[in-house]
Amino acid sequence: IDKKAVIHIDTEQSIYDHKKKLKDGVLKRIGLENGPSHLHSFNYRTIPREEMLKVTHKLVSNIANQHGGIHLIVIDGIADFITSVNDEQQGNYVVSFFEKLAMKYNCPILVIMHLNPGNKKERGHLGSQLQRKAESVLQIIKDKEEISYCVPHLLRNAKKENIPILQFTYDEEKKYHVYVGIGS
């Protein structure tokens with residue numbers, strides 16, 4: 001509403017897939033051909049790891065000045081900001097960096113991180129540090145029927161029973177995920 005910026009940073013996808021998913025998965029869903037001027041989506045795949053935080057700091061500062069603030073920052077692939085998810089010093093530093101960014105711009109930062117294969121724990125020390133500092137941890141769990149569930153895992157200021165378990169699945173015809181109900 002206030003046209004503050006929404007920043008999306010993707011560290012995982014190829015440039016082609018990043019653009020395609022933005023166009024087909026986000027803009028198409030909301031009925032837009034092009035994104036609104038306050039939506040900024042960046043692909044970091046070619047940025048050297050050691051430059052990512054510096055680039056992010058400058059990028060967020062410039063965009064905040066351009067739009068009078070930041071509404072939301074989405075980091076899709078926070079593990080790519082460090083060399084090892086098990087490096088305690090790097091993990092603490094990158095979490096602290098984003099924590100300070102959230103406080104400076106008074107905005108939430110939504111971080112996406114994969115789980116360890118075979119269990120429901122976020123990867124490495126980085127995952128543990130994110131759990132300790134996060135307001136909330138939501139996990140996406142997929143069942144055998146290809147239904148995905150957004151499950152509240154750790155919540156600081158809400159009870160799990162107060163958060164609906166949203167269900168969604170990939171729609172081949174639409175080429176994006178669609179809502180299919182609330183689970184129990």
Side-chain angles (χ1 to χ4, degrees), residues 2-19 21-22 25-26 35 38-142 148 150-158 160 163:
D2 59 12
K3 303 294 186 203
K4 288 184 178 178
V6 173
I7 299 173
H8 169 252
I9 297 171
D10 185 338
T11 66
E12 298 177 335
Q13 304 297 319
S14 68
I15 292 171
Y16 171 82
D17 286 339
H18 172 235
K19 288 180 180 179
K21 289 182 180 187
L22 179 65
V26 176
H38 59 277
L39 173 63
H40 300 270
S41 186
F42 301 94
N43 184 286
Y44 271 31
R45 186 120 178 236
T46 60
I47 296 175
R49 179 173 283 116
E50 59 274 3
E51 294 179 26
M52 286 183 172
L53 292 178
K54 184 170 60 173
V55 168
T56 302
H57 185 268
K58 187 172 184 172
L59 181 92
V60 172
S61 176
N62 290 342
I63 291 173
N65 289 335
Q66 179 183 346
H67 292 280
I70 304 293
H71 178 73
L72 169 70
I73 299 171
V74 178
I75 306 296
D76 189 352
I78 193 167
D80 290 324
F81 279 81
I82 61 177
T83 55
S84 169
V85 294
N86 291 314
D87 185 305
E88 186 175 340
Q89 186 175 5
Q90 287 183 31
N92 289 347
Y93 185 82
V94 78
V95 171
S96 176
F97 172 85
F98 284 109
E99 192 175 30
K100 288 174 186 169
L101 214 59
M103 289 186 283
K104 180 176 181 177
Y105 294 102
N106 192 29
C107 70
I109 298 181
L110 189 144
V111 174
I112 298 167
M113 181 172 195
H114 296 282
L115 302 175
N116 285 316
N119 70 31
K120 295 181 182 181
K121 167 76 176 75
E122 290 75 16
R123 294 180 56 223
H125 176 78
L126 177 60
S128 297
Q129 187 65 0
L130 285 168
Q131 280 188 355
R132 281 191 287 280
K133 297 294 183 172
E135 168 66 32
S136 301
V137 175
L138 305 174
Q139 293 183 341
I140 307 298
I141 311 295
K142 189 184 290 188
S148 295
C150 182
V151 180
H153 181 62
L154 301 169
L155 307 169
R156 289 196 188 277
N157 293 302
K160 288 182 182 181
I163 308 295

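What you see below is based on every heavy atom in this structure, not just the backbone, and it leaves out hydrogens, waters and symmetry mates. All residue numbers refer to positions in the sequence shown, counting from 1. Nothing here was measured: the structure is a model prediction, and the numbers come from that model.
Considering every non-hydrogen atom in both I163 and P152, the closest pair reads CB-CG, 3.8 Å. The two atoms that bring V60 and I70 nearest to each other are O-CD1, 4.0 Å, heavy atoms only. Heavy-atom minimum distance, S41 versus H18: OG-NE2, 2.8 Å. Closest of all the heavy-atom pairs between Y105 and A64 is CE2-CB, 3.4 Å.
A distance of 11.0 Å separates CD1 in I47 from CG in L53, rounded to the nearest 0.5 Å. In this structure, CG on L154 lies 11.5 Å from CZ on R132, to the nearest 0.5 angstrom. Interatomic distance, D17 CG to D10 CG, rounded to the nearest 0.5 Å: 9.0 Å. A distance of 12.0 Å separates CG of L130 from CD1 of I112, quoted to the nearest 0.5 Å. Distance check: D87 CG to Y93 OH gives 13.5 Å after rounding to the nearest 0.5 Å. The NZ atom of K133 sits 7.5 Å away from the OG atom of S96 when rounded to the nearest 0.5 Å.
The backbone N or O of H153 sits less than 3.5 Å from a side-chain atom of K160, completing a donor-acceptor pair.
Ring planes of H57 and F97: tilted class, angle from 30 to 60°.
Side chains of N92 and H125 form a contact here, defined as non-hydrogen atoms less than 4.5 Å apart. Between V55 and F42, every side-chain heavy-atom pair lies at or beyond the 4.5 Å cut-off. By the 4.5 Å heavy-atom criterion applied to side chains, Q131 and M113 are not counted as neighbours. The shortest distance between side-chain heavy atoms of F98 and V111 does not fall below 4.5 Å. Residues H67 and H40 form a side-chain contact, since some pair of their non-hydrogen atoms from C-beta on lies under 4.5 Å apart. Contact check for T56 versus L101: side-chain heavy atoms found under the 4.5 Å cut-off. At a threshold of 4.5 Å between non-hydrogen side-chain atoms, the residues R45 and I15 do not count as touching.
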For L72 and C107, what are the C-alpha separation, side-chain angles and deciding distance, and is it a side-chain contact (heavy atoms from CB on, under 4.5 Å)?
CA-CA 6 Å; L72 169 70; C107 70; 6.0 Å; no
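No donor-acceptor contact under 3.5 angstrom links the side chains of N43 and Q13, judged on distance only. Side-chain N/O atoms of Q139 and E122 include a donor and acceptor closer than 3.5 Å.
Within a 6.0 Å sphere centred on CD of E51, other residues, nucleotides and ligands contribute more than 12 heavy atoms. Summarising the local packing, CG of N106 is surrounded by 12 or fewer heavy atoms from other residues, nucleotides or ligands at distances under 6.0 Å.
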Show me, pair by pair, the donor-acceptor contacts under 3.5 angstrom made by side chains of residues 75-86, not counting sequence neighbours?
unit_1: D80; atom_1: OD2; unit_2: T11; atom_2: OG1; d: 2.6
unit_1: T83; atom_1: OG1; unit_2: Q90; atom_2: OE1; d: 3.0
unit_1: T83; atom_1: OG1; unit_2: Q90; atom_2: NE2; d: 2.8
unit_1: S84; atom_1: OG; unit_2: N86; atom_2: N; d: 3.1

